[in-house]
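One structure is given below, encoded as structure tokens.
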Amino acid sequence: MKRTAYILTTACTSLLLVLGATSASAQSAFAKPEDAIKYRQSALSVLGTQFGRLAPVVREQAPFDAAAVQKQTALLTQLAALPWEAFGPGTEGGKARDDVWKETPKFQQAATNMQTAMAKLDDAAKSGDLAQVKAAYGAVGQSCKACHDSFRNR
Ligand code: HEC
């Protein structure tokens, strides 16, 4: 009897440990899938708004202030890193297509491509050369679109 109780206790403890470890890694910082969806939509919304602020400069509808543009690209580089932790396992939903979870390596590659393009935009801003900023800005826009075409519902 005693031995059975011991085995049961040990088994229960192990199971709890396993469950604890699983939920910690799968859920990461978000208690509920809805929280992850809200977080990534917010992060992408801020990214979109801040990225759009450079559009008038790139279209030469606003003066090119190299220092201001560089401040903005530094911010964008940070923002570009935020959304991805909120696409973890079990967080299907929002406007994200299920392909995000079916073709995860492809999705992650698209996220990396965008961040690489954003880092190049930051480099271009540091050069102080508007022509370089324009080209790099266009490349970032393409990298956003490439992912949306494959992984976002309209
Ligand atoms: C790796 C894929 C990927 C990349 C790269 C990407 N997006 Fe998205 N984006 C998504 C997905 C998926 C959604 C839908 C998220 C959801 O609803 O859960 C989305 C949603 C959005 C939204 C709507 C947010 C809202 O209000 O719900 C905006 C705005 C946006 N993205 C802007 C951008 C911009 C700007 C870039 C490039 C600088 C970019 N995205 C790069 C995948 C991507």
Side-chain angles (χ1 to χ4, degrees), residues 15-154:
L15 185 62
L16 283 178
L17 284 175
V18 169
L19 286 176
T22 311
S23 65
S25 59
Q27 297 287 327
S28 71
F30 306 101
K32 292 176 283 171
E34 305 90 88
D35 295 346
I37 294 170
K38 202 174 153 193
Y39 178 94
R40 70 195 185 216
Q41 289 181 339
S42 307
L44 286 158
S45 174
V46 172
L47 175 65
T49 301
Q50 294 293 346
F51 185 62
R53 294 221 174 131
L54 283 179
V57 175
V58 168
R59 290 185 199 129
E60 296 189 41
Q61 292 159 349
F64 177 51
D65 174 344
V69 168
Q70 204 195 314
K71 209 174 152 199
Q72 187 67 3
T73 59
L75 173 67
L76 285 167
T77 306
Q78 299 287 315
L79 294 177
L82 294 182
W84 319 117
E85 65 164 308
F87 285 93
T91 63
E92 286 87 342
K95 286 195 172 172
R97 287 190 204 160
D98 284 349
D99 291 338
V100 170
W101 293 271
K102 286 182 193 146
E103 297 180 60
T104 304
K106 207 180 142 197
F107 179 75
Q108 287 171 343
Q109 187 60 55
T112 302
N113 291 347
M114 186 274 280
Q115 290 173 89
T116 304
M118 199 67 95
K120 285 185 182 159
L121 174 59
D122 192 36
D123 287 344
K126 284 175 190 151
S127 79
D129 175 3
L130 180 58
Q132 283 190 42
V133 170
K134 282 173 151 186
Y137 188 85
V140 173
Q142 284 302 312
S143 73
C144 308
K145 187 178 182 299
C147 186
H148 292 162
D149 286 350
S150 299
F151 294 105
R152 185 178 72 167
N153 288 321
R154 312 205 154 255

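Read the numbers this way: they start at 1 and go in the same order the structure lists the ligands and their atoms.
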For ligand 1, the portion of [X] having any non-hydrogen atom under 4.0 Å away:
X: F107; result: both
X: R40; result: side chain
X: R97; result: neither
X: K95; result: both

Starting from [atom], locate the nearest protein heavy atom and write down its residue, its atom name and how far away it is, to 0.1 Å.
atom: atom 29 (C) of ligand 1; answer: L44 O, 3.6 Å
atom: atom 2 (C) of ligand 1; answer: C147 SG, 1.7 Å
atom: atom 37 (C) of ligand 1; answer: C144 SG, 1.8 Å
atom: atom 25 (C) of ligand 1; answer: Q41 O, 3.7 Å
atom: atom 13 (C) of ligand 1; answer: R152 CD, 3.5 Å
atom: atom 8 (Fe) of ligand 1; answer: H148 NE2, 2.0 Å

**Message:** Evaluate S143 for polar contact with ligand 1, using N/O atom pairs at a separation under 3.5 Å.
**Reply:**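 No: no nitrogen or oxygen of S143 is under 3.5 Å from one in ligand 1.
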**Min side-chain heavy-atom separation R152-L44 under 4.5 Å** =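 Not in contact.
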**Asked** Can you find a heavy atom in the side chain of L54 that is under 4.5 Å from one in the side chain of L76?
**Response**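 A side-chain contact under 4.5 Å exists here.
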**Asked** Do any heavy atoms of S42 fall under 4.0 Å from ligand 1?
**Response**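 It does not; every heavy atom stays at 4.0 Å or beyond.
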**Item:** Minimal non-hydrogen separation, A124 against S127, with atom names
**Value:**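 Of all heavy-atom pairs spanning A124 and S127, the closest is O-OG, 2.5 Å.
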How long is the span from the [atom1] atom in [X] to the [atom2] atom in [Y], to the nearest 0.5 Å?
X: F87; Y: Y39; atom1: CZ; atom2: OH; value: 11.0 Å
X: R40; Y: D35; atom1: CZ; atom2: CG; value: 11.5 Å
X: F107; Y: R97; atom1: CZ; atom2: CZ; value: 12.0 Å
X: S143; Y: Q115; atom1: OG; atom2: CD; value: 9.5 Å
X: L47; Y: S42; atom1: CG; atom2: OG; value: 12.0 Å
X: Q132; Y: L121; atom1: CD; atom2: CG; value: 10.5 Å

Relative to the heavy atoms of [X], which atoms of ligand 1 are at a distance of less than 4.0 Å?
X: G94; result: 17 (O), 18 (O)
X: F87; result: 12 (C)
X: M114; result: 5 (C), 37 (C), 38 (C)
X: G93; result: 18 (O)

**Message:** So that I can tick it off, tell me whether D122 and K71 are bridged by a salt bridge, with the cut-off set at under 4.0 angstrom between side-chain N and carboxylate O.
**Reply:**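 Salt bridge between K71 and D122, a charged N being under 4.0 Å from a carboxylate O: no.
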